[in-house]
Amino acid sequence: MPTASVNHLELFFADDGPVDEKGAEPVVLLHGFARNGNFWTDWVPILAERHRVIRPDLRGCGSSQDPGAEYEFAVSDLVADYVGLLDALGLERVHHIGESTGGIVGATAAAMYPARFASLTLVSTPVTPLTSDPKVKAPDAASPEESLAALGLEQWWLRSRALTNDLFGDERDAIMARDFARTPLHVALSMWKGMHKPEVTLAPYLGRIRARTLVLTPTGSWTMSVEQQREMVAAIPGARQRTYQGASHGMYYLRSAELAHEALQFIDGD
C-alpha cells in the first residue's frame, strides 16, 4: 500500500498512469469531505491515458493515518500535507483537480505556492462552506454533526444524498456509502467542524491564483449558489467556467466521464 510520511503522518495515495517521457505534469485528484481517492475511480482511465494520476487520501480519511481523536482539522494543515506530499513524491509541478473540500485545499495551495501548479480545476467548490444550507445534511437531527453521530457515516451518506439528489439509485450507492464509512466518525466530525468555521473561505486567496483555472459549476448544489460561483470565477484572474444545468453537487461521480473529459481537454489545452 503506497504511503508517504508527511507531517508525522502516513498519507496513502494511489498512483496510476504513465510517467510521461515528454514532461507532461502529473494530475492530482483531491477528494472532498471525509471521502477518499476511490471516489475518483471513474476518472482514472480517462486521465491516465495522457498523465500520471495521483489520488491522495487526506489525513484521517480512507487509508491515511488517523491524526487522533483530539486533532482539530484546519485548512492550513491540509495545505501543508498536500505540499509535503508533492515534495515526498518529487513532484515539482502538477495539475490539480479538486472537488468541494479538495477544491478549497487546492485553490489555497495554488495561491500560496503558485510555482507548484500548472492548472487548477475546481469541481463543486464553495467559496465559504459555512454559507451552505445545513438542513439537507442533517437528516433526523438539528445539525449535520448530530446527524453524523446518530446515523454513522454509511447511513448518513445514504440519507443525506437522498435529500440532495446525489444517488445513482442502484447498487453503486451502497458501495460508495461503505467506502465513505472507512473514515472514522471522529475524523468526519472534526473535519466538518473545521471546514465550517467562519474564517474558512477562499475569498482572500482567489485574486492570488496564477494557475490556469477551470471552474465546473452544478446548478443544483445545496452547498453553494450559482451566483457565488460566478463571483469566484470573476475573482480568479483569467478563470474559465463551465456550468452544468440541473447537475447536483455530486456530479463529479454521477457524471464522471463527462467531467473528466472536460478537465482533460482544459489541462491539455485542446
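Computation of the quantities below employed the complete heavy-atom set of this structure, encompassing side-chain atoms and omitting hydrogens, waters and symmetry-equivalent molecules. All of these numbers come straight from a predicted model, not from anything done at the bench.
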side-chain hydrogen bond (donor to acceptor under 3.5 Å, both in side chains) between Tyr71 and Asp66: does it pass, once the steps are laid out?
CA-CA 9 Å; Tyr71 173 72; Asp66 186 344; over 6 Å; no
Could you give me the CA-CA distance, side-chain angles and deciding distance for Val28 and Leu86, then say whether side-chain contact (heavy atoms from CB on, under 4.5 Å) is met?
CA-CA 9 Å; Val28 175; Leu86 297 185; 4.2 Å; yes
Stepwise side-chain contact (heavy atoms from CB on, under 4.5 Å) test for Leu58 and Arg35
CA-CA 8 Å; Leu58 294 172; Arg35 296 186 270 282; over 6 Å; no
Which is it for Ser100 and His249 under the side-chain contact (heavy atoms from CB on, under 4.5 Å) test, yes or no, and what are the steps along the way?
CA-CA 8 Å; Ser100 203; His249 194 76; 3.2 Å; yes
Quick one: do Asp268 and His51 satisfy side-chain hydrogen bond (donor to acceptor under 3.5 Å, both in side chains)? Show the steps, please.
CA-CA 10 Å; Asp268 288 345; His51 295 266; 2.7 Å; yes
What do the steps show when you test Tyr113 against Tyr82 for ring pair (Phe, Tyr, Trp, His ring centres under 6.0 Å), and what is the final call?
CA-CA 11 Å; Tyr113 304 93; Tyr82 189 169; 9.5 Å; no
Given the rule in the side-chain contact (heavy atoms from CB on, under 4.5 Å) test, do Lys137 and Thr223 qualify, once you have shown the distances and angles that lead to the verdict?
CA-CA 10 Å; Lys137 298 297 179 65; Thr223 300; 3.8 Å; yes
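Remark: the backbone N or O of Pro129 is paired with a side-chain donor or acceptor of Ser132 at under 3.5 angstrom. Between the side chain of Arg116 and the main chain of Leu91, a donor-acceptor pair closer than 3.5 Å is present. Here the side chain of Tyr253 pairs no donor or acceptor atom with the backbone of Asp42 at under 3.5 angstrom. In this structure, Thr219 contributes its side chain and Gly246 its backbone to a donor-acceptor pair below 3.5 Å. The backbone N or O of Gly62 sits less than 3.5 Å from a side-chain atom of Thr183, completing a donor-acceptor pair. Remark: side-chain polar atoms of Trp157 are not paired, donor with acceptor, to backbone N or O of Ala174 under 3.5 angstrom. Under a 3.5 Å cut-off, the side chain of His96 and the backbone N or O of Gly102 do form a donor-acceptor pair. A donor-acceptor contact shorter than 3.5 Å is absent between the side chain of Arg93 and the backbone of Glu25. No donor-acceptor pair closer than 3.5 Å links the side chain of Thr128 to the backbone N or O of Thr131. Proximity of a side-chain donor or acceptor of Glu99 to a complementary backbone N or O of Gly32 within less than 3.5 Å is detected.
Minimum interatomic distance between Gln229 and Leu216 (heavy atoms only, all atoms of both residues): OE1-O, 4.1 Å. Between His196 and Leu130, the shortest heavy-atom distance links the atoms O-CD1, 3.1 Å. In plain terms, the two heavy atoms of Pro139 and Ser147 that are nearest each other are O-OG, 2.9 Å. Contact record, Thr125 with Met232: O-CE, 3.5 Å, taken as the closest heavy-atom pair. Between Arg210 and Pro237, the shortest heavy-atom distance links the atoms NH1-CG, 3.5 Å. Ala14 approaches Phe12 most closely through the heavy-atom pair N-CE2, 4.0 Å.
No side-chain donor-acceptor contact under 3.5 Å links Asn38 and His31. With no hydrogens or angles considered, no side-chain donor-acceptor pair links Asp57 and Asn36 at under 3.5 Å. No side-chain donor from either of Glu10 and Ser64 sits under 3.5 Å from a side-chain acceptor of the other. Side chains of Ser248 and Asp166: a donor-acceptor N/O pair is present below 3.5 angstrom, by distance only.
If you take CG on Leu202 and CD1 on Ile209, they are separated by 7.0 Å, rounding to the nearest 0.5 Å. One finds the OG1 atom of Thr243 at 7.0 Å from the CZ atom of Arg230 (value rounded to the nearest 0.5 Å). Here the NZ atom belonging to Lys135 is positioned 14.5 Å from the OG atom belonging to Ser160, to the nearest 0.5 angstrom. The line from CG of Leu78 to CD1 of Ile104 is 10.0 Å long, rounded to the nearest 0.5 Å. Annotation: the span from Thr3 atom OG1 to Leu11 atom CG amounts to 8.5 Å, rounded to 0.5 Å. Distance check: Glu154 CD to Leu185 CG gives 13.0 Å after rounding to the nearest 0.5 Å.
The closest side-chain heavy-atom distance from Val123 to Met251 is below 4.5 Å. Residues Met195 and Phe33 fail the side-chain proximity criterion, which asks for heavy atoms closer than 4.5 Å. By the 4.5 Å heavy-atom criterion applied to side chains, Thr213 and Val233 are not counted as neighbours. Taking 4.5 Å as the limit, some side-chain heavy atom of Pro144 sits within range of a side-chain heavy atom of Pro134. The shortest distance between side-chain heavy atoms of Leu85 and Phe13 falls below 4.5 Å. Val215 places none of its side-chain heavy atoms less than 4.5 Å from the side chain of Arg242. Inter-residue side-chain proximity for Val27 and Ile54 is flagged as unmet; no heavy-atom pair is nearer than 4.5 Å. Counting heavy atoms from C-beta on, the side chains of Leu214 and Leu122 never come closer than 4.5 Å.
Annotation: cation-pi geometry not satisfied between Arg178 and Phe180 (NZ/CZ under 6.0 angstrom from ring centroid, within 45° of ring axis). By the 6.0 Å and 45° rule, Arg172 stacks over the aromatic ring of Phe168. Cation-pi geometry between Arg212 and Phe266 is satisfied (NZ or CZ under 6.0 Å from the ring centre, within 45° of the ring normal).
A chain of hydrophobic side-chain contacts below 4.5 Å, direct or via other Ile, Leu, Val, Met, Phe, Trp or Tyr residues, connects Val105 to Val83. Leu151 and Val187 fall within a single hydrophobic cluster, where Ile, Leu, Val, Met, Phe, Trp and Tyr side chains are chained together by heavy-atom contacts under 4.5 Å. In this structure, Leu47 is a member of the same hydrophobic cluster as Leu89, with clusters built from ILVMFWY side-chain heavy atoms closer than 4.5 Å. Hydrophobic clustering places Leu30 together with Ile46 (ILVMFWY residues linked when any side-chain heavy atoms are closer than 4.5 Å, directly or through intermediates). By the criterion of side-chain heavy atoms lying less than 4.5 angstrom apart, applied directly or through intervening Ile, Leu, Val, Met, Phe, Trp or Tyr residues, Leu259 is not grouped with Met224; the two fall into different hydrophobic clusters.
Taking a cutoff of 4.0 Å between a charged side-chain nitrogen and a carboxylate oxygen, Glu72 and Lys193 do not qualify as a salt bridge. Electrostatic pairing of Arg52 and Asp16 does not count as a salt bridge here, judged by no charged N lying under 4.0 Å from a carboxylate O.
Partners of Asp173 under the side chain to side chain donor-acceptor pair (under 3.5 Å) rule, at least two apart in sequence or in another chain, do not exist in this structure.
Within the 6.0 Å centre-distance limit, the rings of Tyr252 and Trp40 are counted as a close aromatic pair.
The 12-atom threshold is not exceeded at CD of Glu70, counting heavy atoms of other residues, nucleotides or ligands nearer than 6.0 Å. Heavy-atom neighbours of Glu49 CD from other residues, nucleotides or ligands within 6.0 Å: at or below the threshold of 12.
Hydrophobic cluster of Leu163: the remaining members, joined at side-chain heavy-atom separations below 4.5 Å, are Val136, Trp222, listed by chain and number.
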